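None of the values given here were measured: they were computed from a predicted structure. Note that ligands are numbered from 1 as they come in the structure, with each ligand's atoms numbered from 1 the same way.
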Amino acid sequence: MAEHLCSLSELDEGDSWLFTVREADGSEEEVVLVRTDDCVRAWLNYCQHETDQRLDRGFGAAMRDGEIVCPKHGSMYDACSGYCDNGKAAESTLVSVDVETRDGDVVLTDDDRTFLHEGAIEADDLPGSSSHLTF
Ligand code: FES
């Protein structure tokens, strides 16, 4: 079933929108939704060079000329294909998440993922999080 993510009018060209999904294995992942002149796509929110490096660190992914710029070493991924041909992440491709635009909205159509909420994974959602404990 397609789940509504946001209105296309909320996402200008060159913008990104961060949300969290539940994966088929029960884990949570962040997804960065991007819009360029040519496409609307969604990618798991980590660099292929160092997978603990988020592309969107909670205040929007850096976008330049239709590419997503990794904030750590500056590799640039084509926002439409997810492919990187430069820098430390060269010859890699971001992990795609299926989305579509329908009637002015962006919807999640990925059968393996369930929308949880807008924004980053919350600290309380992380495995082993002790943020609810006091010491
Ligand atoms: S961590 Fe992204 S290019 Fe190195």
Side-chain angles (χ1 to χ4, degrees):
M1 188 184 92
E3 293 173 85
H4 176 266
L5 294 173
C6 66
S7 168
L8 200 52
S9 63
E10 296 172 56
L11 193 67
D12 290 331
E13 289 166 10
D15 272 358
S16 65
W17 191 78
L18 187 66
F19 64 101
T20 299
V21 296
R22 184 171 309 287
E23 298 279 352
D25 67 1
S27 64
E28 295 185 12
E29 284 284 356
E30 292 178 3
V31 181
V32 60
L33 175 70
V34 295
R35 180 178 185 184
T36 72
D37 290 354
D38 303 318
C39 68
V40 173
R41 294 280 189 278
W43 309 103
L44 291 187
N45 186 31
Y46 58 82
C47 183
Q48 298 299 298
H49 173 227
E50 292 181 7
T51 56
D52 62 349
Q53 177 60 51
R54 300 157 80 206
L55 299 170
D56 181 338
R57 293 173 291 172
F59 40 86
M63 302 274 294
R64 189 182 308 142
D65 298 330
E67 297 187 301
I68 303 169
V69 184
C70 173
K72 188 160 185 181
H73 300 116
S75 283
M76 296 187 293
Y77 293 89
D78 184 293
C80 294
S81 71
Y83 184 69
C84 176
D85 66 359
N86 59 86
K88 294 188 180 288
E91 312 303 324
S92 69
T93 304
L94 299 174
V95 180
S96 67
V97 173
D98 296 339
V99 294
E100 291 178 11
T101 56
R102 292 185 188 168
D103 301 326
D105 290 325
V106 185
V107 296
L108 178 68
T109 55
D110 199 311
D111 291 338
D112 297 328
R113 298 181 169 101
T114 307
F115 177 77
L116 289 179
H117 55 77
E118 180 177 351
I121 294 173
E122 292 163 4
D124 285 349
D125 298 337
L126 294 172
S129 169
S130 58
S131 61
H132 59 290
L133 300 176
T134 55
F135 294 97

Check your understanding: Can you list the steps and then say if R113 with E23 is a side-chain contact (heavy atoms from CB on, under 4.5 Å)?
Key -> CA-CA 5 Å; R113 298 181 169 101; E23 298 279 352; 3.0 Å; yes
Practice item. Establish, from distance only, whether the side-chain atoms of D25 and S27 form a donor-acceptor pair under 3.5 Å. Key: yes
Point to revise | ILVMFWY cluster membership beyond V31 - transitive side-chain contacts under 4.5 angstrom | key: L5, L8, L11, W17, F19, V21, L33, V40, L44, Y46, V95, V97, V99, V106, L108, F115
Point to revise | Residue and atom, protein N/O/S, under 2.8 Å of atom 4 (Fe) of ligand 1 | key: H49 ND1, H73 ND1
Exercise for review: Any disulfide bond (SG atoms under 2.5 Å apart) involving residues 79-112? Give me the pairs, sequence neighbours left out, ordered by first then second residue.
Suggested key: C39-C80
Sequence neighbours left out, cut at 3.5 Å: what donor-acceptor pairs do the side chains of residues 63-71 make with other protein atoms?
none

Review point. Passes side-chain contact (heavy atoms from CB on, under 4.5 Å), N45 versus E29? Steps please.
Key: CA-CA 8 Å; N45 186 31; E29 284 284 356; over 6 Å; no
